[in-house]
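None of the values given here were measured: they were computed from a predicted structure. So you know, we letter chains A, B, ... as the sequences are listed, proteins then strands, and number each from 1.
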Amino acid sequence: MLAFLVQRISQAFLVMFVISVIAFAIQDGLGDPLQEMVGMSVSEEEREAIREELGLNDPMVVQYLRFAGNALQGDLGNSYFYSKPTLEVIAEHLPATLELVIGASLIIVFLSVPIGVYAAIRPQAWLSKFFMGVSTVGISIPVFLTAIVLIQLFSIGVTVNWFPSDTGWGQWLNDFFTTEGGLPSYGRSDELTHLFGTWESGFFTGTGLMHLVLPSVSLASIMLPLFIRLIRAEMMEVLQSDYIRYARAKGLSAGRINFLHALKNTMLPVITVGGVQIGIMVAYTILTETVFQWPGVGLMFLEAITRSDIPLIVAYLMVVGLIFVVTNTLVDLIYGLVNPTVKLTGKKA
Amino acid sequence: MKKLIAAFVGSMALAAAPVALSAEATKELKMAYDADPVTLDIHEQLSGGILQLSHMTFDPLLRWTSDLGFEPRLAESWERVDENTMRFKLREGVKFHSGNELTTDDVKFTFDRLKQSQDFKAIFKPFSGINVIDDYTFELVTSEPYPLLLNTATYIFPLDSEFYSGQTEDGKDKSAITKHGNSFASENLSGTGPYTVTERKQGVRVEFERFDDYWDTESPGNVGKIVLTPIKENNTRVSALLSGGVDFIAPVPPNDLERIRNDKNANLVTMSGTRIILFHMNQERVEAFKNPKVRQAIAYAINQEGIAAKIMKGFATPAAQMSPAGYQGHNESLTPRFDVAKAQQLMKEAGYEDGFTITMMAPNNRYVNDDKIAQAVAAMLARINIKVDLKTLPKAQYWPEYDNRAGDMMMIGWHADTEDSANFYEFLTFCPDAESGSGQYNAGNYCNPEIDALVQKANVETDLDKRAAMLQEVEQRLYDDAAFVPLHWQDLAWASKKNVKIEPVLNVMNFPYLGDLVIE
């Protein structure tokens, strides 16, 4: 266990080092941060003075060494746009993103497990076929399209009059497809509950939850079909295995077999995939946050790029790198807990 | 489905209903702009966002009316003392948010600070000083007769000298202007304006509350609270308005104009703007561009009307000069000249019948439809056998290329900070001179000392009619010379809910006077 952690921590340092080098290498292609900081009519002389002050004129190696020296002391520099330490800026935006990820994860967990299990147990039921069909569609629709459709349906609302409204059934169908709108289409709620430090949450107020609905559903829409299909496939395989047949032969109840014996083994690969997907989720939060103006780190990062806010870009990449390393380590640990036969030490066993 | 959602939304709306305020200005305005002010220090950056903030939280000495005239604000009246001096009378009894009273000391403090500001000092260069006469009288002095004295005075938003003087707890000078990093002024604010900033989370939201002691009691404005949310994404901003999430949005993207116009709950206001979009033809990089006939051929080959109609969906005013209508230099007689046959003829006369190949660069996220416009221009040039190798870049990467003059033809958009034609020429067509900074954005390296001299003469002409005639002549000569390729002035668009009466408070400079906004 200890050896495993030591190995992982040294790996983490290596990853961070590589990320920081790459972030510095691409710096030249990100453009001149001065353009965002000064008006157009400011003379070249003035610009040069600010550039000098910011240390942008130093050779890349000097800039990198200065950055690395400070980074080792926990200082990742100041954001040009926010005029604050980058880590503080990220810490302020992180709760919003985590809230979104948690919201989406809850939707995924609470829907994918029952649907996946049901579809595995009753593969021929029409409901299973329906879920499978929908999930195929779900996988192939890009997240921003889902988001725009959701906003149109549930924020702005649509009035449908495809059916003859003078007949009872036509009116009923029109009403059924007509949506009123009214769900918030952008941003977080004004009413956030203060938890601790800079951490505020929208989970505890009505409007806070309302603001979470559409972004979370959009974000979940990418992963949900994948997990349903994964759980179904794994579960079907497990149900074919000998120990399940044996359990059936022993006359154990169906519920006990399905949910205790089978589901446990189904979840192993699901957890591994889930860990990897968390990383992908980070990428998708950028899209989701942009469409919904969700004030999290994804939106912050995208705007930092358009502003060439180099210190913030570098810091974000470092933090995301760290999150990847930590979640992957945690996934391995959890994997070990669920299935103790897995060796964690990383030695050739 | 409909009923269920309606019930859910209804109950939530009830729970969130704001408690009514007792003061007269009780309405709340939620607005979404494409960006929020980068700082609360109005002297840190010269940009549209900062000017919008200045008009909300400060007040200028005088301000522009919607027809580009002047209207007194903190200065009650002004009179010319001599060629170089203008005397202003300050309004009495005006209070700052801090409770301090406005006097000429504050104006002097502000003037001196503007002279220090990297972004503003260029505008204030013609001013040699300020004379304080008494608590409510002062004079602005220029080193030469300066016709744009009043234009520039619209940039003087008096700061609270007492509030911005002294040191912070950690020993920093409160009056310091810092381009990056924290300063006192970038986080604290005390002006005389209709609103104070009560909460600010950069990039997320800014909250304003109406200032109880606001001096302008005549103002019809009845908005007590403003919440500004920056929404960069066009679709999201429009959806926020259509779904009722916000009351007022700007800018409205051209693609959504119809959608908003057709919405029965929304109100759309458009105006012809003052930002010119144009292409420079670099004479240093391309020998052929030195020939006026080739430049004219290009001017004849480009269909400004077509671009404005098709690509901009009618949301632009085709241009044949830099000065928009209303500016002194605007020359009525100049209209777009689109004539392909004539263009081909000119190419033939210049000896380039077979054409040549050039490179072209344009940003792809700075101006409305910038990359599409560049593509269209490239296609139009193909008809006179000029083959264009086009490259479009995000603005962060584009401007360094622009500074290096990296393309043979480069796009730029320009708005005159002084709302005056001379500003266009000084930056975009003056002979480039690194020392004086003139022609700083003249990526065409066009140089005509005669025209420059004429503009400089106009700049010390205080007879405004004579001056206008000179500037109009400048436009004519630039047009005849085809010094650049004008495309259009970008139009402006705002949208609001029906009950928010935005039209009277909007202007071409795009800083709405929200203090006067009425919500029914």
Side-chain angles (χ1 to χ4, degrees), chain A residues 29-46 49-50 53-54 78 80-84 92-93 148 151-152 154-157 175-191 205-207 210 290-293 295 299-300 303 305-308, chain B residues 1-3 5-6 8-13 15-16 32 38-39 45-47 118-123 178-183 186 201-205 227 229-233 235-237 239-240 242-246 365 394-400 403 414 417 423 427 434 437 440-441:
Chain A
L30 292 172
D32 182 2
L34 263 294
Q35 283 300 341
E36 278 288 326
M37 287 160 70
V38 301
M40 284 291 264
S41 53
V42 172
S43 70
E44 194 45 49
E45 218 171 281
E46 297 282 341
I50 302 174
E53 204 182 314
L54 290 174
N78 274 10
Y80 297 148
F81 177 71
Y82 292 92
S83 316
K84 274 199 276 199
E92 274 169 21
H93 286 80
I148 289 171
I151 289 175
Q152 183 65 49
F154 300 110
S155 286
I156 302 174
D175 278 352
F176 183 80
F177 287 111
T178 295
T179 53
E180 191 99 322
L183 273 177
S185 66
Y186 74 95
R188 275 172 110 192
S189 151
D190 311 351
E191 296 169 35
T205 56
T207 52
M210 301 282 286
T290 309
V291 178
F292 288 100
Q293 192 66 27
L299 184 64
M300 179 207 77
E303 293 191 338
I305 290 178
T306 62
R307 293 186 187 109
S308 328
Chain B
M1 180 128 82
K2 175 180 164 182
K3 288 217 176 91
I5 289 166
F8 188 44
V9 170
S11 61
M12 289 305 162
V38 293
T39 165
Q45 192 186 65
L46 176 51
S47 66
Q118 275 154 331
D119 273 41
F120 285 86
K121 70 174 158 200
I123 304 185
T178 322
K179 241 336 180 272
H180 52 92
N182 274 332
S183 67
S186 69
K201 265 195 197 161
Q202 182 136 45
V204 181
R205 59 194 266 126
V227 180
T229 311
I231 303 185
K232 226 184 197 116
E233 200 56 30
N235 272 323
T236 312
R237 199 163 55 247
S239 302
L242 295 181
S243 68
V246 295
N365 62 353
K395 62 179 174 183
Q397 282 92 45
Y398 181 69
W399 294 117
D403 287 337
W414 197 267
D417 288 329
N423 177 279
F427 282 101
Q440 194 183 337
Y441 289 91

Heavy-atom pair count under 4.5 Å with chain B, highest-scoring of [options]:
options: A:I151, A:T306, A:L54; answer: A:L54
options: A:S43, A:S83, A:G157; answer: A:S83
options: A:N78, A:T290, A:I305; answer: A:T290

Would you mind checking which part of [X] comes under 4.5 Å of any heavy atom in chain A, side chain (CB onward), backbone (N, CA, C, O), both or neither?
X: B:Q440; result: side chain
X: B:N182; result: both
X: B:S47; result: neither
X: B:K179; result: both
X: B:D119; result: both
X: B:D403; result: side chain
X: B:Y398; result: neither
X: B:R237; result: neither

- Task: Apply salt bridge (charged side-chain N to carboxylate O under 4.0 Å, His left out) to A:E46 and B:K121, showing your working.
- Result: CA-CA 11 Å; A:E46 297 282 341; B:K121 70 174 158 200; 2.9 Å; yes
- Is the backbone of A:M37 close enough, under 3.5 Å, to the side chain of B:Q45 for a donor and an acceptor to pair up by distance? yes
Looking at [options], which has the largest count of heavy-atom pairs under 4.5 Å with chain A?
options: B:T229, B:D417, B:N365; answer: B:T229
options: B:Y441, B:F120, B:F427; answer: B:Y441
options: B:G437, B:S186, B:P400; answer: B:P400

- Task: Decide if atom CD of A:E44 counts as having more than 12 heavy atoms of other residues, nucleotides or ligands within a radius under 6.0 Å.
- Result: yes
Rounded to the nearest 0.5 Å, what's the gap from [atom1] on [X] to [atom2] on [Y]? Could you check?
X: B:I231; Y: A:L299; atom1: CD1; atom2: CG; result: 10.0 Å
X: A:D32; Y: B:Q397; atom1: CG; atom2: CD; result: 10.5 Å
X: B:T236; Y: A:I148; atom1: OG1; atom2: CD1; result: 7.5 Å
X: A:Y82; Y: B:T39; atom1: OH; atom2: OG1; result: 14.0 Å

- Message: Among residues at least two apart in sequence or on other chains, which ones pass salt bridge (Lys or Arg N to Asp or Glu O under 4.0 Å) with A:R307?
- Response: A:E303
- Who passes salt bridge (Lys or Arg N to Asp or Glu O under 4.0 Å) against B:E233, sequence neighbours left out? none
Taking all non-hydrogen atoms of both residues into account, name the closest pair between [X] and [Y] and its distance.
X: A:Y186; Y: B:A240; result: CD2-CB, 3.5 Å
X: A:H93; Y: B:V204; result: NE2-CG2, 4.4 Å
X: A:S185; Y: B:S243; result: OG-OG, 3.4 Å
X: B:A396; Y: A:L30; result: CB-O, 3.4 Å

- For side-chain contact (heavy atoms from CB on, under 4.5 Å), just list the numbers for B:Q118 and A:I50, CA-CA rounded to whole Å, side-chain angles, deciding distance to a tenth of an Å, and then say yes or no. CA-CA 10 Å; B:Q118 275 154 331; A:I50 302 174; 3.5 Å; yes
- Query: Is there side-chain contact between B:S239 and A:I156, with heavy atoms separated by less than 4.5 Å?
  - Reply: yes
